[in-house]
Amino acid sequence: MMVTAGPETVFTLDEVHRIMDHQRQAGEPEGDYWWCWDGLIVREAGLPSMVEVIDGLVAAGEMETVLRHIGPEEDV
């Protein structure tokens, strides 16, 4: 499962695995690694799990460390 909310994207491990398998089958070099700008991988699928992880990041003061603000340069 993949959810995009604003500039950040949240992935499950299964979705990353599916993407990498697809890329490998297509003969793309990205089939051996995976990365995403401002991506967050969560263990469990589903929006409730993703919200719980993000809520935990906010509560711990880690949200801006994990997912950076993307906007006009003067806002950063």
Side-chain angles (χ1 to χ4, degrees):
M1 177 177 204
M2 175 181 71
V3 175
T4 301
E8 59 277 341
T9 304
V10 182
F11 293 87
T12 62
L13 294 171
D14 286 342
E15 180 64 9
V16 173
H17 196 273
R18 187 194 68 74
I19 291 168
M20 290 178 69
D21 284 350
H22 175 76
Q23 291 171 326
R24 180 176 276 173
Q25 290 171 357
E28 299 173 10
E30 293 86 357
D32 292 328
Y33 64 89
W34 188 84
W35 73 276
C36 173
W37 175 258
D38 258 357
L40 174 64
I41 299 171
V42 297
R43 183 171 297 279
E44 301 297 327
L47 193 54
S49 174
M50 294 175 184
V51 169
E52 183 179 338
V53 168
I54 291 172
D55 282 349
L57 289 170
V58 170
E62 294 292 327
M63 182 65 175
E64 291 181 10
T65 301
V66 174
L67 296 171
R68 293 169 299 279
H69 173 75
I70 299 176
E73 188 173 325
E74 59 272 4
D75 290 348
V76 177

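Every heavy atom of this structure was used, including side-chain atoms; hydrogens, water molecules and symmetry mates were not.
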Residues at least two apart in sequence or cross-chain that pass side chain to side chain contact (heavy atoms under 4.5 Å, CB included) with Val16, listed by chain then number, are Phe11, Met20, Trp34, Ile41
Between Ala45 and Ser49, which heavy-atom pair has the shortest distance, and what is it?
O-CB, 3.9 Å
Residues at least two apart in sequence or cross-chain that pass side chain to side chain contact (heavy atoms under 4.5 Å, CB included) with Val53, listed by chain then number, are Leu40, Val42, Leu57
side-chain hydrogen bond (donor to acceptor under 3.5 Å, both in side chains) with Asp21: which residues, sequence neighbours excluded?
His17
